[in-house]
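Below: the structure, in structure tokens.
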Protein chains: 2
Amino acid sequence: MGVFSKTCEYAIRSVFFIAHRTTSGSRVGIKEIANGIDSPEHFLAKILQDLSRRGIVQSVKGPNGGFYIDEIGLKRPLSDVVEAVDGKSIFTGCGLGLAYCSETNPCPLHHEFKAIRNQLKNLLEQTTIADFSESLNLGITKLRK
Amino acid sequence: MGVFSKTCEYAIRSVFFIAHRTTSGSRVGIKEIANGIDSPEHFLAKILQDLSRRGIVQSVKGPNGGFYIDEIGLKRPLSDVVEAVDGKSIFTGCGLGLAYCSETNPCPLHHEFKAIRNQLKNLLEQTTIADFSESLNLGITKLRK
DNA sequence: TTAATAAAAGATGAATAACTCTTTTATTTT
DNA sequence: AAAATAAAAGAGTTATTCATCTTTTATTAA
Ligand code: FES
Ligand code: FES
């Protein structure tokens, strides 16, 4: 089990892939995305439909259709994608699964865990989708294998 | 979904509880542990049976029996518990689910994610079970609600 | 307007995680 | 030795996550 659910991992990778492959006006099909990020095609379709409904990505049907991300979307922090799929408990929940993570009733891991959790939160909130696709453009990062 | 699986959360909490409630020679029963950490009794029994087989905790059957943790166990780092239940992928796996997390083929999150992952690793490796139960003894931390 | 294209939607299936219940076995106290 | 106690073991259930396949709907190009 990773930090993010499998669904969320696919969501993040696909968003990076779409941001990287599409320039203004162009779109990329589900097959190409699934292949590009090494994910099950139909499962990814579900995920992207959901992200589309939530406005994280945009889609156009028909020939030359496909998915793309608009200007506003590119400037969104990655945390928006994570929250849309896995919810925000990863940013606020107790590491030991207590019902509430609180200062007044902390678990033994609380202080140290909270610090780590906040680092993750900051990373995802302070970096935009566009920022991440930069490193893909430069060819220094990968989305499969 | 948290950082640890539900099973692992119960495992950690029960280990803390046992360490806290048992002094030399004394044991604590499964019912009391389950109640003390707010977990399903029979599910926890399974988990403790597994931890017992792996030598993380010890148990004695019969009247006045129950679970306890020996001297060696108390000095073990918490990472031993986590690894026994969730495996070590949490310390080494790619945040975006790529087959291998590597410097040569990094995903866009690699560097930042690796730093956070290592902090978690250090926290769990450098603090012993006894250390954590200290704060329980002092009554400043809790294991339920 | 027809054919091609591609996403949307829905039904279903497999795998894993989470949880419950019952029976067995070992130990200890009386 | 008998009764009581408590964990060990194992079978079985439910829920959730992950994944696949098929059908439908929307769009566009010819
Ligand atoms: S109470 Fe557990 S992390 Fe805050
Ligand atoms: S390659 Fe993704 S975290 Fe290292």
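Naming convention: chains lettered A, B, ... in sequence-line order (proteins, then strands); numbering from 1 in each chain.
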When you check the phosphate oxygens OP1 and OP2 of D:dA19, does a side-chain N or O of A:Tyr10 lie under 4.0 Å from one of them? yes
Nearest-nucleotide comparison on DNA chain C, the residue closer to the 5′ end among A:Gly66 and B:Thr7: A:Gly66
My understanding is that only one of A:Ile37, A:Ile30, A:Val57, A:Leu143 makes a side chain to side chain contact (heavy atoms under 4.5 Å, CB included) with A:Ser14; could you say which? A:Ile37
Can you sort out the partners of A:Leu78 under side chain to side chain contact (heavy atoms under 4.5 Å, CB included), two or more places apart, ordered by chain and number? A:Ile12, A:Phe16, A:Val81, A:Leu124, A:Phe132, B:Leu109
Which other residues belong to the hydrophobic cluster containing B:Val60, where Ile, Leu, Val, Met, Phe, Trp and Tyr are joined when side-chain heavy atoms lie under 4.5 Å apart, directly or via other members? B:Tyr68
Scoring nucleotides 21-30 of chain D by protein non-hydrogen atoms under 4.0 Å (B base, S sugar-phosphate only, - none) yields BB--BSBBS-
Rounding to an integer number of Å, can you tell me how far A:Tyr68 OH sits from C:dA6 C1'? 14 Å
With sequence neighbours excluded, tell me which residues meet salt bridge (Lys or Arg N to Asp or Glu O under 4.0 Å) with B:Glu32. B:Arg21
Distance check needed: D:dA6 P versus B:Glu41 CD, whole Å only. 11 Å
Take atom CD1 of B:Ile33 and atom C1' of D:dA7, then tell me their distance rounded to the nearest Å. 11 Å
Examine D:dA7: is either OP1 or OP2 under 4.0 Å from a nitrogen or oxygen in the side chain of B:Ser52? Give yes or no. no
Nucleotide C:dA7, atom P - distance to CG of A:Asp50 in whole Å: 16 Å
With sequence neighbours excluded, residues passing side chain to side chain contact (heavy atoms under 4.5 Å, CB included) with A:Asn118: A:Lys114, A:Lys121
Through direct or indirect side-chain contacts below 4.5 angstrom among Ile, Leu, Val, Met, Phe, Trp and Tyr, which residues connect to B:Leu138? B:Ile140
Whole angstroms only, please: what is the CD1-P distance between B:Ile30 and C:dT22? 18 Å
Can you tell me if B:Ser59 touches the phosphate of D:dA8, counting only side-chain N or O atoms and a distance under 4.0 Å to OP1 or OP2? yes
Give one of base, sugar-phosphate or nothing for B:Val85, where a contact means two heavy atoms less than 4.0 Å apart. nothing
Less than 4.0 angstrom from a charged side-chain N to a carboxylate O is my criterion; do B:Asp50 and B:Lys46 meet it? no
Under 4.0 Å from OP1 or OP2 of D:dA9: is there any side-chain N or O of B:Arg53 that close? yes
The nucleotide from D:dA7, C:dC19, C:dA9 with an atom nearest the side chain of B:Pro40 is C:dC19
Nearest-angstrom distance from the residue atom NZ of A:Lys31 to C1' of C:dA4: 12 Å
